[in-house]
Amino acid sequence: MSVKSGESMVTPLQVDPATVATGINNVWVLVVTFLIFFMQPGFALLEAGQVRAKNVGNVLMKNMTDWILGTLIYFVVGAGVVSIVGALTSGGSVAGAFAYVSDPNAWIGWLFGAVFAMTAATIVSGAVAERMNFNAYVLFTILMTAAIYPVVVGFTWGGGLLASGGFIGAALGAGYLDFAGATVVHMCGGVAGLVAAKFVGARKGRYDENGNSQPIPGHSMLLAVLGTFILAFGWYGFNVGTQATILAVEDGSLTFMGAALGRVALVTTLGMGAGGAMAMLTSARYQGKPDPLWTANGLLAGLVAVTGAVPHVTWWGGALLGGLGGFLVLPAFHFTVDRLKVDDVCGVFAVHGVAGAVGTALIPVFAVGGFALNQFVLQVVGVGVIALWTIAASAVVLVALDSLVGLRVSEREESEGLDEGEHGVAVYPEFVPNERRESTVATDGGDIRTDGGADVSETEVSDDE
Amino acid sequence: MSVKSGESMVTPLQVDPATVATGINNVWVLVVTFLIFFMQPGFALLEAGQVRAKNVGNVLMKNMTDWILGTLIYFVVGAGVVSIVGALTSGGSVAGAFAYVSDPNAWIGWLFGAVFAMTAATIVSGAVAERMNFNAYVLFTILMTAAIYPVVVGFTWGGGLLASGGFIGAALGAGYLDFAGATVVHMCGGVAGLVAAKFVGARKGRYDENGNSQPIPGHSMLLAVLGTFILAFGWYGFNVGTQATILAVEDGSLTFMGAALGRVALVTTLGMGAGGAMAMLTSARYQGKPDPLWTANGLLAGLVAVTGAVPHVTWWGGALLGGLGGFLVLPAFHFTVDRLKVDDVCGVFAVHGVAGAVGTALIPVFAVGGFALNQFVLQVVGVGVIALWTIAASAVVLVALDSLVGLRVSEREESEGLDEGEHGVAVYPEFVPNERRESTVATDGGDIRTDGGADVSETEVSDDE
Amino acid sequence: MSVKSGESMVTPLQVDPATVATGINNVWVLVVTFLIFFMQPGFALLEAGQVRAKNVGNVLMKNMTDWILGTLIYFVVGAGVVSIVGALTSGGSVAGAFAYVSDPNAWIGWLFGAVFAMTAATIVSGAVAERMNFNAYVLFTILMTAAIYPVVVGFTWGGGLLASGGFIGAALGAGYLDFAGATVVHMCGGVAGLVAAKFVGARKGRYDENGNSQPIPGHSMLLAVLGTFILAFGWYGFNVGTQATILAVEDGSLTFMGAALGRVALVTTLGMGAGGAMAMLTSARYQGKPDPLWTANGLLAGLVAVTGAVPHVTWWGGALLGGLGGFLVLPAFHFTVDRLKVDDVCGVFAVHGVAGAVGTALIPVFAVGGFALNQFVLQVVGVGVIALWTIAASAVVLVALDSLVGLRVSEREESEGLDEGEHGVAVYPEFVPNERRESTVATDGGDIRTDGGADVSETEVSDDE
Amino acid sequence: MSDEIKLVMAYIRPDKLSDVKQALAEVGAPSLTVTNVSGRGSQPAKKGQWRGEEYTVDLHQKVKVECVVADIPADDVADAILEAASTDEKGDGKVFVLPVDSAHQIRTGKSGPDAV
Amino acid sequence: MSDEIKLVMAYIRPDKLSDVKQALAEVGAPSLTVTNVSGRGSQPAKKGQWRGEEYTVDLHQKVKVECVVADIPADDVADAILEAASTDEKGDGKVFVLPVDSAHQIRTGKSGPDAV
Amino acid sequence: MSDEIKLVMAYIRPDKLSDVKQALAEVGAPSLTVTNVSGRGSQPAKKGQWRGEEYTVDLHQKVKVECVVADIPADDVADAILEAASTDEKGDGKVFVLPVDSAHQIRTGKSGPDAV
Ligand SMILES: Nc1ncnc2c1ncn2[C@@H]1O[C@H](COP(=O)(O)OP(=O)(O)O)[C@@H](O)[C@H]1O
Ligand SMILES: Nc1ncnc2c1ncn2[C@@H]1O[C@H](COP(=O)(O)OP(=O)(O)O)[C@@H](O)[C@H]1O
Ligand SMILES: Nc1ncnc2c1ncn2[C@@H]1O[C@H](COP(=O)(O)OP(=O)(O)O)[C@@H](O)[C@H]1O
């Protein structure tokens, strides 16, 4: 089938550089899309490990629903909303917003966008685990993929409000920098999760009668760490893959984007390492011992923190950003739980929200090209705009859903477990969990405490931040 | 090492488009091959989660054996059989059928074929779980990879019987359409599994004295769903990767196959989503609550249903096919268990067999190019031929194995668990499963039933289909 | 953005073959790097499954630490040490050893190197599980990535001592062959693990008062096998990806390296299959029943055995090497445990050390190009040099760490579990493991033994090898 | 006799539980409590192995059934269990009857034989 | 009376354990042993399902509390449990008191009521 | 004396089980049944944590050993356990002896002391 050298005498070889680049770039984009899709079970395991055995089926169900309904919704609605919002907030035209639906050449790109959308939606799940009504969750995830997240993308990558051509971007003479979605994807999901956890209320037993938080251990730290590693694997797709151009065509000839790819890959790696290392050290410092779950959370926070920054910052800047994300996850979690009194089960606000905001706002500080004030202002404004939109939209949706279907399962269902109540199943039918541990959680600590041990003061670390 | 621009003045740059295309296409094929290989643990987990703790080691062992023996067999026998059958059923020559063995340039292609073969073989495992003699299973899997599956490939992709040049294909003036193996791989495995499950007989306790089916819960729905996600990840390799040509060389110049790739990627995604969504709704409709295991099964059935169709159908046609696959999985499973009285442990006939057959037969109905009767007839005939061959060949093999080594473990070994009996191990040595649950399964329901609850009529839904 | 055909009339299409090759090769390298990274959770699960529930958190923590600290160390130290050692042992100059730190174009290559380094470091973890002090482990892993492993790379791939230009290589007129690191990565890790396990001492209860080994079952064979499959998946990246050149530029035109890629992919597959098959047969022969954990170990040993050999040997030679690796794993493990009296928890010396050494030393015997004595001598010498260096360096580091922080946890902490002692956590808070099994392990076997069964003579098989 | 309260406590094979439950229901003593236990008796020890190294497990999985009775004679209950749990192979287990001083039902607060 | 040793044995709901523990501590009998058990009584059977096929689970998860007392009257202990464990719904469980012949403390080797 | 049947019931540390098993075998009472239990006594509560938030676990993992004897004096059995299970640290546990009315062996149908 290949062109014979004899033929090439007659028809001179014609290799269009753009086609070569397109071919290579699309192989790359497809592969990283698959990796990002694989983050879905990563999130499922991360959350499943952090809930009690009786709620694992609900976690799995939410996660599958995010994907199976999310893709359908994002194809027929979400991706179009991106274009519309992008156009409306930059003075463009909304014509053709849904043209991709009938253009096969647009479908690889659509799928590449869809895996980011589903990531944002799935993040919410971890915050509202163990007590949210399944129907309410499903409706929320539908609105998340149909509107809440697409609007954020419209504001940014869709060329709208915060982009260089958008109303705010143009006013400040810069375009909002968030390379792979530290705020667009992660902070959006993390903030929506926080709001949802607030509206749904804390799990029974999460706060004692004095309003002090009481831990509710999950059923498997192993699953949480395995989920973390799967997420990190997918994240290479997420971050490095967003550098979707391997070969660029400039002036008719091909250029290899090796430096850009190298920077993105390196900063992702160092950010992850520094985030994990800082959380390990922080937990060892405040709890006396390095904690696997904190370390895993910090590793993810490090990744979130650099996700927007990877091509823009120096390698040591990336390591600092990642380290900062990892360092903040412990106090941010305690702030959420102890100050805001929000029962964010998997700490998604600390991991995805705070790290995403800080990492993205500080990009100009560590920029390869040096600090630019207008860019910094835009970054801060952008983070604020995205956060505000997400808070407002989530709140409206949640209020509506509360009156429509109710946000929360019954108290009885919550004690029995959502697996039985919402789905009629037992995830581990041969396993009778050791319910006793749960019921001893600090229940009669005061009276029976015979060890005279130290007070649980470490958990108040966030108060000092 | 790279060509300097000075040199290029002397030797004009010579870039052969075919070499470029080959390079890109092979990177792609290698990567998707690895993804498809990764379906192996996906199947292991899917099955492991659906069996009791005492049989998990046997599941792992079967799965590893499928791969470690299967690759050896498929290299020295299976892949050659494909060519021979292809030639014999299209009037071609069988010379050179084994030429690939000594041609390094054929080895990437061989491995790409091998991962499909191992998928077909592994599917069988889920149907015969928890009671099949390990030796018999190993011999069956050897014959599956040496003959049963290769013959199906010979009939189709190997250019034989059903291909446009094969005896039936030529007679009908069309070539059988099954892009990535909905019938060639999945239905073949699913039907062989059904036949094997029939011959091996139901697990002890699966049917009560009246012949009514009694559920035997597996030990971890989490593992089953994790396996499902790993399979879906690998499936992107399976389906999109079968569009192995990224760049084609046409008239000496390169063409990017973006529309074809986009369609395959989109239809895979929508088929999976629709399949999962329909199974979720069906289970909620008939059981009152959305069931995670059904949803996972439906997601896979949706994938199977579109696996043959991905490049051929419209996007909404793909969604409909996937949805149909997901919708059918519940009634098809009940039909298998309650009507055929076959104890297909993981529902492989429902998920791989039925969805594969229906999805492939209906391709012409949703074809991008419109309906063609001869194609439709060929599809139906093709599904029938593959099913018949698989049934006949499996049955012969099973009868032979039954007299040779016996298909089934002893009753005592079955109660103690195959892990102890076949492999002398305990998979979870620190865990004593809650055997009580099992022994209460509907045992004295009639007498003791004090709740006056509804009858278990939902399980009869398939009777009405 | 693409070049229009109109423009191409003016500017003739200029496609530099080197750029095309670089683009394709780098997509490939990035993808396989991600796959190799994913081996990290593979190792975590493999080890986690082989330890008791009370030590799982420590396994996860060690594994995460290997990656998060390892990447930082390997960037600022390790990769530079490679160049320095390479230069010093081949008479070259050490200038520019750290140039990669500030060269973005070098960062993809750095990351590709880093994932191999982390693999070597992580292998050690499995040998010292369940009793090593966490701080000592962390310091050891830092030195492993900063020095022990980089020196080995310097000797070999870094162009030093054993390379064709190195002092030994030049003397023998050959370059040491170890394609993807059977000895450089795996044997280095396996031998360091053996030495560390020796220094740390056996787990409490591993040997009875007569010095006979007593098994300490892990908590989940499923996790061990899942880890094995994840490793095999990553290994395709490891081995096939090391054939990093997809398209080469020769005389200004592109050549597709299909035969090389095909050989590497095939030999990896057959080596894995033969290794698993041989271990399955060996375990069935000596224990009476095919054992899943042995099979999984054999599959990995088969992979290790061919890792250095993949492009150099015939396909049947590769199958033989893999089979030999798998065959040796059982006697090598018993030799380690029963003769050397070293408590190598996961058998890393048998799987990574022995298989790596044997597979690499025998490359010339199965070489595609035929046997060459000087090459064979170099292989044997090379294996010896790497082993000696690793033993010596590990021993020095361990002695130092012992006096610095102590290598071992307290006896009490060991019985309670390292999760509680080192990290203050319970990995499965709802699960109370069945401690009784552990305490019955052969404790009063002699007295109470009422079955008059066969003696446990199979475990002495290694004595006869 | 009928106001004497007895605890019938049996160690049986796990796979005999459902027969025992049925037998107890038939004899009029459906209320019972079961516990997973392990026991050593005349049943030969089993061998386990982990990666080919063998160990002896002399504790076998059993189920303990506790059934407190007042109106029904403890002997009838014991007999019902004896019959239902037997396989004639070593390891079938034992039935013991223990005296009970008093009984109370939590829900109703009832005491004595009525509470059982 | 006070040198008579009694075993107070209660089957209660798992989620009442922490109340019962508190009540026992208050009544002066903080030492206790708990076991996961399953029980059948008047509480209606639950339905489980696996892939839509239903099965009946007539054994409910319960917790068994054992508390041996000497100085404190067994009835006080029983009353404390009765009060703490009640929900007024079927399935609350029972409390039984059994005689104990003798008691020994392992650590100290003490015997009799002092050992309890 | 020797036809009196007694249930010797001990709560011990899990890691002392194998010593206790050996001791019972030596004293001629090899048959026993063990159960995983959790207990509260004089042993100080442990602290657990989940993501740095602490909780108190005042129930410690223990093992309950039940050994019914007829021919061998219950006190000998108790003494054997007392010796084998001791570590001299808080949490060693207790041994109680309870009276048993009757015993039956399921396999043989034997009753009385012979059945034990
Ligand atoms: N004297 C005893 N004390 C406590 N438990 C016993 C006693 N005798 C038997 N058991 C329990 O009964 C189970 C079966 O007893 P075993 O002696 O093996 O059966 P068989 O009576 O059929 O020979 C044992 O595993 C143990 O749990
Ligand atoms: N006679 C009995 N013998 C043994 N256990 C019993 C007996 N009666 C009740 N139980 C235990 O108490 C639990 C609750 O009893 P149940 O009869 O359901 O509650 P209630 O007394 O509120 O009606 C049962 O599940 C069982 O474990
Ligand atoms: N009075 C009691 N009733 C029931 N169980 C008890 C009693 N006293 C002790 N135990 C059991 O014995 C275990 C050890 O008792 P503890 O008082 O901690 O030990 P020590 O006697 O060494 O001080 C407890 O955890 C509990 O399970």
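Below, all heavy atoms of this structure are taken into account, side chains as well, without hydrogens, waters or symmetry copies. To find a chain, count down the sequence lines: A is the first, B the second, and so on, and within it residues start at 1.
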Review point. Taking every heavy-atom pair that is under 4.5 Å apart, which of E:Lys62, E:Glu89, E:His60 has the most such pairs with chain D?
Key: E:Glu89
Study note, to complete from the structure: Looking only at E:Asp92, E:Ile12, E:Asp79, E:Asp88, most heavy-atom pairs under 4.5 Å shared with chain D are made by E:Asp92
Closest heavy-atom pair and its distance - [X], [Y]:
X	Y	result
D:Pro99	E:Pro99	O-CD, 3.4 Å
E:Val97	D:Val100	O-CG1, 3.4 Å
E:Tyr11	D:Thr33	CE2-CG2, 3.5 Å

Practice item. Could you check if a side-chain atom of E:Leu98 sits within less than 4.5 angstrom of a side-chain atom of D:Leu7, using non-hydrogen atoms only? Key: yes
Spacing of [X] atom [atom1] and [Y] atom [atom2] [to the nearest 0.5 Å]:
X	Y	atom1	atom2	value
D:Gln105	E:Ser86	CD	OG	10.0 Å
D:Glu66	E:Phe96	CD	CZ	9.5 Å
D:Ser18	E:Asp58	OG	CG	9.5 Å

Measure distances from [X] to the heavy atoms of chain D and classify the residue's part below 4.5 Å as side chain, backbone, both or neither.
X	value
E:Lys64	side chain
E:Glu83	neither
E:Ala85	both

Exercise for review: For D:Leu17 and E:Leu59, run side chain to side chain contact (heavy atoms under 4.5 Å, CB included): C-alpha distance rounded to whole Å, both residues' side-chain angles, the deciding distance at 0.1 Å, then the answer.
Suggested key: CA-CA 11 Å; D:Leu17 175 61; E:Leu59 289 175; 4.2 Å; yes
Review point. Mind checking what makes side chain to side chain contact (heavy atoms under 4.5 Å, CB included) contact with D:Ala84, not counting sequence neighbours?
Key: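 Only D:Asp19, D:Val20, D:Ala23 meet the side chain to side chain contact (heavy atoms under 4.5 Å, CB included) criterion with D:Ala84.
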Review point. Could you go step by step and tell me if E:Val37 and D:Val34 meet the side chain to side chain contact (heavy atoms under 4.5 Å, CB included) rule?
Key: CA-CA 6 Å; E:Val37 299; D:Val34 300; over 6 Å; no
Review point. Using non-hydrogen atoms only, which part of D:Ala103 is less than 4.5 Å away from chain E: side chain, backbone, both, or neither?
Key: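 Both backbone and side chain.
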Review point. Is a side-chain donor or acceptor of D:Arg107 paired with a backbone partner of E:Lys94 at a separation under 3.5 angstrom?
Key: no
